[in-house]
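For reference, the structure is listed below as structure tokens.
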Amino acid sequence: MLTGLFFLPFLGAAALLAFRGKSAERFLGGVAQAVAVAEFLLALIFCIGTFCGKGYVCALDGIVGFGLHFTMDGFRAAYLVILTFMWMTALAFSPEYMKGHENTRRYYLFTLLTLGATAGVFLAADLMTMFIFFEVMSFTSYVWVAQEETRGALRAAETYLAVAVVGGMVMLMGLFLLHHMTGTLAMDGLREAYAAVKDRGMLLVAGCLMLFGFGAKAGMFPLHIWLPKAHPVAPAPASALLSGVLTKAGVFGIILLSGSVLSGEEDFGWIVLALGVVTMFLGALLGVFSIDLKRTFACSSVSQIGFILTGLGMMNLTKEAQLAANGAFLHMVNHSLIKLVLFLLAGVVYQNLHTLDFNEIKGFGRGKPFFLAAYTAGALAIGGVPLFSGYVSKTMLHEAIVAGSHERVGQLHHLLAASEWIFLLSGGMTVAYMLKVFFVLFVDEPSRTVKHHASKKYLSLPVKLLLGVPALLFALLGCFPGLLMQPLAKKAEPFFFGGGAVHELEKIHYFSFENLKGALISLGIGLFLYFVAVRRLLRRRKGNAAYYVNRIPAWLDLEDAVYRPVFVRLVPTLFTALVRPFDKLVTAKFFGQTLPFLLAVPCRLLDKLVEGLVSLLQNTVFAQVRPKEEKGMGISDTIAYAIGSILDAIAAFANRTVRKKNPITKSFVEACSSGEEKFSRTVRLVTRSVSYGLMLSCIGLLLTILYLLIG
């Protein structure tokens with residue numbers, strides 16, 4: 001029954017193919033929504049059973065060599081409920097958003113496929129099962145980014161696919177190495193198996209390879225480049241899922257590394273902490289500079305992933321590892337629900353105005369009380385303001401850094417103290433860019449676009465109810481953290497610590513002066529940055545109106561500044577420079593002189609033999625096959641004609657029997673033969689970007705082979 005959590009969306013996707021024709025388009029959203037609701041209810045049933053002490057395991061042996069293995073625990077159960085709720089809400093909003101868009105069948109099809117693959121990732125009981133569903137999830141979610149088929153969408157899809165493919169190949173290298181050292185990839189008992197490995201240096205190498213792969217999906221620096229580009233071009237419901245859920249699939253893998261594979265390894269903890277701090281700060285900085293609504297939220301996602309990674313790094317750097325784990329898990333949950341609300345609100349803006357530029361959407365939220373309440377709840381929660389849920393998780397993360405700092409002396413103490421201040425500064429920048437969006441939507445004078453195109457009926461009642469649930473929870477959970485948030489974190493603790501027992505911590509005094517002080521420092525920094533820096537440096541006045549200017553430095557775009565120049569220009573140039581001397585000195589002489597001389601005699605003998613056989617066949621067998629008007633054809637043409645005649649006969653027989661009688665193949669053949677524009681567009685958009693991804697996958701494959709040869 002556990003397999004139903006990922007098989008159900010796959011079956012639902014297959015059912016969408018049965019609805020053909022223009023008249024059936026209106027049923028696609030309803031079918032997808034029904035599947036998402038059933039998936040949410042099924043996840044809720046498993047969650048209740050798991051919290052009541054029931055255990056769920058499932059194995060599909062004999063599939064893909066290793067077999068597929070699945071399990072359920074407190075962490076998986078809780079997050080699957082969050083995951084399926086987000087999918088249900090996003091699909092409830094999708095019919096409104098996708099109205100008037102093309103290729104809606106493709107959108108719903110791949111949304112359900114991605115749901116099934118993502119559920120498979122979180123249910124996986126071993127790393128190989130997780131890797132398989134991880135890669136399926138990467139390729140199915142790629143279609144979201146390329147959905148609109150604009151030049152910007154296809155370029156962003158190339159970047160997304162390239163990062164996913166290269167990250168997957170590097171992750172696979174780490175899996176090979178781990179399996180070689182321990183003989184197992186099962187998550188059950190993972191901590192004990194890898195604790196017995198004597199070569200800790202090689203284990204650290206394997207962990208870093210896997211960190212690269214998981215970090216690519218999580219949006220970790222320096223692999224974050226796909227997030228700020230994919231979100232603005234993807235449909236808003238897909239952006240909510242990309243940011244809120246798919247990044248957490250990468251975090252899920254990093255949790256395994258920090259809690260099980262490399263538990264207690266300080267070197268790995270410092271690596272994760274350093275990457276988390278840079279990701280946290282850089283994402284917040286990009287968010288402050290951004291003047292596009294969805295790009296701002298995407299940069300915010302990069303920053304919030306950095307907050308989570310900081311907690312995962314502290315798991316191996318402090319005795320209060322439980323505090324760091326609880327903070328990381330609760331911030332995962334908070335960030336998922338917050339980004340669901342924020343990205344769907346951004347979708348409302350785009351649905352009405354068809355733009356997300358700050359200068360065009362100014363004043364859109366005026367006169368919309370629900371829009372104001374939902375955005376304010378999400379902004380206060382993600383800003384870590386007291387009495388909202390984000391404050392609880394950020395307080396735990398902050399306390400973990402402070403605890404680690406007090407445990408260290410000398411240079412390591414100063415490093416953690418600096419990390420604490422970057423943590424507070426990043427929190428302040430979060431407040432600054434969320435305050436900037438608030439002023440754009442609700443305070444600034446409405447733009448001409450808003451005055452002419454905004455609609456009063458901007459959101460349906462069912463979507464308002466679904467968005468209202470998390471928006472209300474942000475306040476309730478923040479006011480009463482001990483009522484639900486701490487018990488939920490307790491259920492997830494065994495997963496963070498490899499199934500081992502964890503000690504009890506004293507109840508955190510969330511509203512003590514020491515804890516409130518950190519939040520107040522971030523709030524003060526945010527207010528200062530907004531009113532002194534943002535309003536003065538990122539805005540200009542033209543007459544009586546103010547407008548926002550794009551001041552993002554070009555060097556912050558690592559893809560255009562570093563990656564594309566290196567892989568598109570530098571690497572091919574160096575490769576050519578290295579191969580050219582070899583080609584002149586060795587290849588030309590060998591293939592131009594030596595090899596022809598050595599093969600001259602056997603080639604002549606073979607030529608005579610083939611000539612005799614051809615003459616014999618022409619005078620016997622193929623003399624009867626060739627038509628009279630084709631008697632002048634050569635032997636190769638004759639053979640091709642004969643094979644073609646046989647294949648034509650087989651195809652004609654299949655058309656008269658199998659295809660006509662089988663409804664699935666019949667509908668598929670009719671769709672292909674009729675040249676449906678939607679089908680051909682899907683093929684074109686995939687092939688245009690897959691070639692780029694395949695090029696990088698070949699690079700990854702070569703690196704894998706080189707690694708195996710050296711090892």
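Residues take their numbers from the sequence shown, with the count starting at 1. These figures come from a predicted structure and were not determined experimentally.
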Tell me, do [X] and [Y] make a side-chain contact under 4.5 Å, heavy atoms counted?
X      : Y      : value
Ile271 : Cys208 : yes
Leu312 : Met315 : yes
Glu399 : Met396 : no
Phe343 : Lys294 : yes
Arg200 : Leu203 : yes
Glu39  : Met88  : no
Ile308 : Ile254 : no
Leu256 : Phe214 : no

Would a distance-only check, ignoring hydrogens and angles, find a side-chain to backbone donor-acceptor pair under 3.5 Å from [X] to [Y]?
X      : Y      : answer
Arg295 : Leu286 : no
Thr129 : Ala125 : no
Tyr391 : Tyr510 : yes
Ser303 : Cys299 : no
Thr84  : Val81  : yes
Thr71  : Tyr56  : yes
Lys248 : Ser243 : yes
Glu407 : Lys319 : yes
Lys394 : Phe307 : no
Lys339 : Phe297 : yes

Does the separation of the ring centres of [X] and [Y] fall below 6.0 angstrom?
X      : Y      : value
Phe6   : Phe70  : yes
Phe496 : Phe75  : yes
Phe221 : Phe281 : no

Spatial distance of atom [atom1] ([X]) from atom [atom2] ([Y]) [nearest 0.5 Å]:
X      : Y      : atom1 : atom2 : answer
Leu323 : Thr395 : CG    : OG1   : 10.0 Å
Leu185 : Leu178 : CG    : CG    : 6.5 Å
Leu241 : Ser336 : CG    : OG    : 10.0 Å
Leu317 : Asp267 : CG    : CG    : 9.5 Å
Arg76  : Met187 : CZ    : CE    : 5.5 Å
Asp199 : Met181 : CG    : CE    : 7.0 Å

- Task: Not counting sequence neighbours, which residues clear side-chain contact (heavy atoms from CB on, under 4.5 Å) with Thr296? List them please.
- Result: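 With sequence neighbours excluded, Thr296 shows a side-chain contact (heavy atoms from CB on, under 4.5 Å) to Ser290, Phe358, Tyr433, Val437, given in chain and number order.
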- Item | Those residues that, when tested against Asp188, pass side-chain contact (heavy atoms from CB on, under 4.5 Å) (two or more places apart) |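 Applying side-chain contact (heavy atoms from CB on, under 4.5 Å) to Asp188 gives none.
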- Full working for side chain to side chain contact (heavy atoms under 4.5 Å, CB included) between Ile305 and Val251: CA-CA 8 Å; Ile305 292 298; Val251 172; 4.1 Å; yes
Between [X] and [Y], which heavy-atom pair has the shortest distance, and what is it?
X      : Y      : value
Val272 : Ser258 : CG2-OG, 4.5 Å
Trp270 : Leu412 : CZ2-CD2, 3.5 Å
Phe46  : Leu5   : CD1-CD1, 3.8 Å
Ala324 : Gly311 : CB-O, 3.3 Å
Gly269 : Asn316 : CA-CB, 4.0 Å
Met173 : Leu209 : CE-CD2, 3.9 Å

- Query: Should we say atom CZ of Phe51 is surrounded by more than 12 heavy atoms from elsewhere, each under 6.0 Å from it?
  - Reply: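 Counting neighbours around CZ of Phe51, more than 12 heavy atoms of other residues, nucleotides or ligands fall under 6.0 Å, so yes.
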- Might you confirm whether atom CZ of Phe511 has over 12 heavy atoms from other residues, nucleotides or ligands at distances under 6.0 Å?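 Enclosed.
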- Pair Leu123-Leu80, side chain to side chain contact (heavy atoms under 4.5 Å, CB included): steps then yes or no: CA-CA 9 Å; Leu123 287 170; Leu80 277 168; 3.5 Å; yes
Are side-chain N/O atoms of [X] and [Y] paired as donor and acceptor at under 3.5 Å?
X      : Y      : result
Tyr160 : Ser141 : yes
Gln486 : Asn326 : no
Ser393 : Asn334 : yes
Lys491 : Thr50  : no

Name the atoms and distances for all side-chain donor-acceptor pairs under 3.5 Å in residues 418-426, with sequence neighbours left out.
from, atom 1, to, atom 2, distance (Å)
Ser419, OG, Leu415, O, 2.9
Glu420, OE2, His398, NE2, 2.9
Ser426, OG, Ile422, O, 2.8

- Once the angle between the rings of Phe122 and Phe252 is folded into 0 to 90°, is it parallel (under 30°), tilted (30 to 60°) or perpendicular (over 60°)?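 Because their plane-to-plane angle lies in the 30° to 60° range, the rings of Phe122 and Phe252 count as tilted.
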- Any chance you could lay out the side chain to side chain contact (heavy atoms under 4.5 Å, CB included) test for Trp226 and Leu161, step after step, and finish with the verdict? CA-CA 9 Å; Trp226 65 270; Leu161 188 63; over 6 Å; no
- Kindly indicate, with the supporting measurements, whether the criterion side chain to side chain contact (heavy atoms under 4.5 Å, CB included) is fulfilled by Leu83 and Leu115. CA-CA 9 Å; Leu83 180 156; Leu115 171 58; 3.6 Å; yes
